[in-house]
Structures are given as C-alpha cells and as structure tokens.
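Fair warning: this is a prediction, and the values are worked out from it, not measured in the lab.
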Amino acid sequence: MSDAFSDDGSDTNHDDGEDEMTPAELVDKLQEAWLNEKFSPELLESRSEMVECVIEQLTHMEANLQRVRKGDMKANVHRMEIDRIRFVLSSYLRSRLQKIEKFFPHVLEKEKSRAEGDPSFLSPEEFAFAKEYFANTETYLKAVALKHMPPNLQSVDMLKAVPEPCLDSFVFLRVKERQENILVEPESDEQREYAVDLEEGSQHLMRYRTIAPLVSSGAVQLI
C-alpha cells in the first residue's frame, strides 16, 4: 500500500516535529497511527497534521488518476490503492470519534488540564465535537430523567458517571526500538515489580499502562 502515492512524485511536508517525508513514508505513518489508535484503550495524541497531509495526497492521486487513459490496467490498481488508504484514514478517524463519545468527560478534562506546550489530544474539530456531545448529553439527561428527580438529585457529575478508559487492559505490541529496564507491575500481591528488556523486533503481550509512554514516543507499535 505504501507505493500508492508514487505517481505524485513529491515529498510531503509534515509539520508535527518530523522531517519531510516521502508519500510512502506518510502512508506508513498513517498505518502506524491507525493500529495504535485502534488497539489503545485510551485516546491518543491528535495527528491532525498527518491527516491533512494524507487528504492532500489523496487529492493529488485522484487528479493523477483522471489523466490515465480509460481501460488502462494501472488505473484499476491505483483506484484500489486509493480506496485502501481512504479506508485506513476513515477507520482511524472513526476510532477516535468512538473513543470521544465513550469517554467524553475524561477526554475533555485531559485536554483542558494539559500543560502549555504539551501535544494536544484533540484536533480543533474533535474538541468542538466533544464539547457539543457533552452539552447534548447533559441536556438529554435533564429532559428525560433529572427534572423528574428530587431537587437534591437533579445534577450529575459526568466524570463520575462515565467510566474511564481501562489502562490496565492488555495489548499486543511489537518493539521498534530496543528498550531496557521496563518496569512491569505485579499481577498479584505475592509478586514483586520486575524489569524487562524489550529487544527490537520482538513481540509481547503487556499491560497497556506499562508501555503507554513507549506508544506515545513511537518506540513500540500496537498490533
């Protein structure tokens, strides 16, 4: 799938702290972000710049495809590649929206409490969606239930009412960069904490909380 942008022939300028990437590298980044978002129990850092770059490249690909002669076998192959990339992009964005809907008060609280200069967990559009979803949920609850309750029960704390993401769930991962002395929490009171080394290319099943910083840094890939 990484060859799908080859007809455009231009590098992609990526502004989220990374150097310029070729179109093929951009697709690899999209696939990595998609899998991490799909298998992570929490909402990950927003990759809005990457999304914009992918959409721009898809637009170029569509334009290039229009110039190919009808009946050319290459056109059918490239159409399939475009459809695959659109699927990955749509699935990535859909996964994020599903998490926002499921954990909306916690997502908003995390976004509002982040330190200045820290990466955002929501794009501007996602932030607006989360705020509107929060307001609509409160309005609905008040209209169908809370107004019929006794006065002392006519309010609800959304942070307490909505479950948080389960960071203690287990995930499969593949190591991209060797890591040393990763502290693993015990599974029972009889066990003690212990450290493990993660070799490059190895695959593991581990508690998400343990390796969450490594997912964020790109040192491991969820699979």
Side-chain angles (χ1 to χ4, degrees), residues 12-21 25-26 28-56 88-139 141 155-171 173 175-177 179 181-185 198 206-223:
T12 299
N13 199 356
H14 197 18
D15 297 327
D16 63 351
E18 299 177 39
D19 296 331
E20 284 191 357
M21 293 186 296
E25 291 171 339
L26 178 60
D28 289 340
K29 286 291 184 183
L30 172 62
Q31 289 180 298
E32 180 180 334
W34 171 52
L35 291 174
N36 282 341
E37 196 68 65
K38 183 177 181 180
F39 296 121
S40 167
E42 66 174 347
L43 186 73
L44 300 178
E45 175 187 336
S46 172
R47 303 294 301 275
S48 56
E49 294 89 353
M50 177 199 70
V51 170
E52 291 173 3
C53 287
V54 172
I55 292 174
E56 180 181 347
V88 172
L89 179 61
S90 298
S91 180
Y92 168 72
L93 296 175
R94 187 163 53 247
S95 294
R96 292 185 58 81
L97 287 179
Q98 289 172 343
K99 289 181 183 178
I100 292 172
E101 291 179 348
K102 188 174 183 179
F103 306 118
F104 61 96
H106 305 287
V107 168
L108 284 171
E109 184 65 22
K110 188 174 183 179
E111 179 68 13
K112 292 176 182 177
S113 62
R114 68 182 175 88
E116 185 176 354
D118 285 352
S120 175
F121 291 94
L122 297 171
S123 68
E125 295 81 7
E126 290 171 338
F127 186 61
F129 172 79
K131 289 196 298 183
E132 183 177 359
Y133 192 85
F134 189 108
N136 290 343
T137 301
E138 278 193 323
T139 300
L141 287 176
S155 63
V156 59
D157 185 343
M158 288 294 188
L159 287 172
K160 294 181 180 179
V162 177
E164 295 185 64
C166 181
L167 303 185
D168 289 322
S169 59
F170 284 80
V171 294
L173 62 104
V175 181
K176 297 174 61 181
E177 301 172 7
Q179 303 294 313
N181 298 323
I182 301 302
L183 194 62
V184 178
E185 296 180 359
L198 304 180
M206 300 181 69
R207 195 190 304 271
Y208 175 77
R209 187 187 301 274
T210 302
I211 51 88
L214 303 180
V215 174
S216 179
S217 68
V220 305
Q221 165 76 63
L222 300 186
I223 56 176

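Partners of Thr137 under the side chain to side chain contact (heavy atoms under 4.5 Å, CB included) rule, at least two apart in sequence or in another chain, are Phe104, Tyr133, Leu141, Met158. Applying the salt bridge (charged side-chain N to carboxylate O under 4.0 Å, His left out) rule to Lys176 yields the partners Glu32; only residues at least two apart in sequence or on another chain are considered. Ser169 pairs by the side-chain hydrogen bond (donor to acceptor under 3.5 Å, both in side chains) definition with nothing, not counting sequence neighbours. Contacts of Phe103 classified as ring-ring contact (aromatic ring centres under 6.0 Å, His included), with partners at least two apart in sequence or in another chain: none. Checked against side chain to side chain contact (heavy atoms under 4.5 Å, CB included), Ser155 has no partners two or more places apart in sequence or in another chain. With sequence neighbours left out, Lys110 forms a side-chain hydrogen bond (donor to acceptor under 3.5 Å, both in side chains) with Glu42. With sequence neighbours excluded, the residues forming a side-chain hydrogen bond (donor to acceptor under 3.5 Å, both in side chains) with Ser40 are Tyr208, listed by chain and number. Here Arg94 pairs with nothing under the salt bridge (charged side-chain N to carboxylate O under 4.0 Å, His left out) rule; sequence neighbours left out. A search for side chain to side chain contact (heavy atoms under 4.5 Å, CB included) contacts involving Leu159 returns Pro105, His106, Glu109, Asp157, not counting sequence neighbours.
Sorted by first and then second residue, the side chain to side chain donor-acceptor pair (under 3.5 Å) pairs involving residues 214-223 (not counting sequence neighbours) are Asn36-Gln221. Applying the salt bridge (Lys or Arg N to Asp or Glu O under 4.0 Å) definition to pairs two or more places apart or across chains, those involving residues 123-134 are Arg96-Glu126. Each salt bridge (Lys or Arg N to Asp or Glu O under 4.0 Å) pair with one or both residues in residues 212-223, not counting sequence neighbours, would appear here, but there are none.
At a threshold of 4.5 Å between non-hydrogen side-chain atoms, the residues Leu214 and Val175 do not count as touching. By the 4.5 Å heavy-atom criterion applied to side chains, Val107 and Lys99 are not counted as neighbours. Counting heavy atoms from C-beta outward, Val171 and Ile211 have side chains that approach closer than 4.5 Å. Residues Leu173 and Val215 are not in side-chain contact: their nearest non-hydrogen atoms beyond the backbone lie 4.5 Å or more apart. A heavy-atom distance below 4.5 Å is found between the side chains of Phe127 and Leu108.
Taking CG of Leu93 as the start and CG of Leu89 as the end, the distance is 5.0 Å to the nearest 0.5 Å. Atom CD1 in Ile182 sits 9.0 Å away from atom OG1 in Thr210 (nearest 0.5 Å). The OH atom of Tyr92 sits 4.5 Å away from the CE atom of Met50 when rounded to the nearest 0.5 Å. Here CZ of Phe39 is found 7.5 Å from CH2 of Trp34. Values are rounded to the nearest 0.5 Å. Here the straight-line distance linking atom CE of Met21 with atom SG of Cys53 works out to 6.5 Å at 0.5 Å rounding. To the nearest 0.5 Å, atoms CD (Glu45) and CD (Glu37) are separated by 10.5 Å.
Closest approach of Phe170 to Arg207, counting heavy atoms only: CD2-N, 3.5 Å. Annotation for Ser120 and Glu111: closest pair OG-OE2, 2.8 Å, computed over non-hydrogen atoms. Gln179 and Ala219 get closest at one heavy-atom pair: NE2-CB, 3.3 Å.
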